[in-house]
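Indexing begins at 1, ligand by ligand and atom by atom, following the structure's order.
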Amino acid sequence: MKNELIQKAYEIAKERYAAVGVDAEKVLEDLQQIAISIHCWQADDVTGFENLGNLGGGGIQATGNYPGKARNMEEIRQDIEKVLTLVAGSHRLNLHAIYGDFGGEIVDRDALEPAHFAGWMQWAKEKGLKLDFNSTSFGHPKSGELTLANPDKSIRAFWIEHTKRCRRISEAMGKFQNDPCIMNLWIHDGSKDFTVNRLKYRQLLEQSLDEIFAEEYKNMKDCIEAKLFGIGLESYTVGSYDFYLGYGAKKQKMVTLDTGHFHLSESIADKISSLLLFTPEIMLHVSRPIRWDSDHVTILNDDVLDLSKEIVRAGALDRVHIGLDYFDASINRLGAYVIGIRATQKAFLQALLEPIGRLREYEAGGRYFERLALLEEAKSLPWNAVWDYFCLKNNIPVGEEYIADIQQYEKEVTSKR
Ligand code: RNT
Ligand code: ZN
């Protein structure tokens, strides 16, 4: 009966959308194709398997102490597998370099090999996931305040070597999965207090990047992630947005937009249409900043909706890669994944359901009252009926049903860790 109701509600919604010129069936097909790159690091609070001890630092911080965090690769995989049963669609897994299969050995970052990720590649293939990758410059004795922008040549060389190896690993992943692996480069380099040599460090970073990117690959794509500031590095960030935007435009590299990495009142959505003109593609880290880059769980809020709408309006779903980036250690970690993935999909669903044809006609005709009125009315069109049907069709829990699944998993699995 319940399923019949969902079906019925969808049929009504479909007609309602047809009346404003939107084909809900087509929207469902499009939504099904949207892959989300799920960040592995929510599972274990950005810990990884390095056996170097907890070094912290790097300007980021997971706060909270909720029990049951994944302690090893098997547990992360088990948790991700569970998450995948609660979300629809085919997705990607975004790995950091510290999540290699090191077999209990200490493998330093300048010694990473594709072989350390062969197990992940195999596992991902079995689970129908594609992999993305990240170099890891934080949480290491050589991290300090500066890595790729370090004036000390030997430290810089260490991180250049690490990042080059990460690109090689990404290439191997992309080749293995027959789909480009997207490698994100984010470094925390910056300074706590006044910096009088800003240009010098940026020059060093530019040189390091040139060296890192010298080798051309076919099966991986690079993206570079800027940031406003990191904890303990509040006064100066070498890899600022201006820096990476300039570098990306000049060298045709993707720029990663992390929604937590800007001034809080800055619109990330408005950056999409400019980046699309000057950089090849865009990578997103959809997050939720609270007062600062706090990496709270992504939810369905206006920021995420605006961002999704701008991407859809620009017809850029094939040029924008959607990834998540948050690490909340204060609530059930799997639940955090499911909330964020579902929220992002809901945002894209609403974006796809926008009566854009009619809105554009109004705009072109200078009919601004009509444009605003339809934008307002569109907010309360029955997108949720389409969402429920999407879940039903994909055989995953509808609405809040997944809460019970998470609770069950917590009882049976994570609470025993
Ligand atoms: C940090 C950046 C970066 C990290 C991950 C772990 O502020 O957002 O993307 O969150 O690399
Ligand atoms: Zn990020």
Q: Determine the interplanar angle of the His96 and Tyr99 rings, folded into 0 to 90°, and report it as parallel if under 30°, tilted if 30 to 60°, perpendicular if over 60°.
A: tilted
* Determine whether more than 12 heavy atoms belonging to other residues, nucleotides or ligands lie under 6.0 Å from atom CD of Glu126. => yes
Among non-hydrogen protein atoms, atom 10 (O) of ligand 1 lies closest to Asp325 OD2, 2.7 Å
query: Can you check whether His39 and Tyr337 have ring centres sitting under 6.0 Å from each other?
result: yes
*Short N-O contact, Glu75 and Arg417, less than 4.0 angstrom*: yes
Restricting Asp325 to its N/O/S atoms, the closest one to the Zn ion (ligand 2) is OD2
Under a 4.0 Å N-O cut-off, is there an ion pair linking Glu161 with Lys164?
-> no
Heavy atom of His261, distance to ligand 1 below 4.0 Å
yes
heavy-atom search around atom 9 (O) of ligand 1 in the protein gives Glu225 OE1, 2.7 Å
Check: Can Phe327 be said to touch ligand 1, with heavy atoms closer than 4.0 Å?
Finding: yes
protein heavy-atom neighbour closest to atom 7 (O) of ligand 1 works out as Lys227 NZ, 2.6 Å
Taking only non-hydrogen atoms of His96 and a 4.0 Å limit, the atoms of ligand 1 in range are 5 (C), 6 (C), 11 (O)
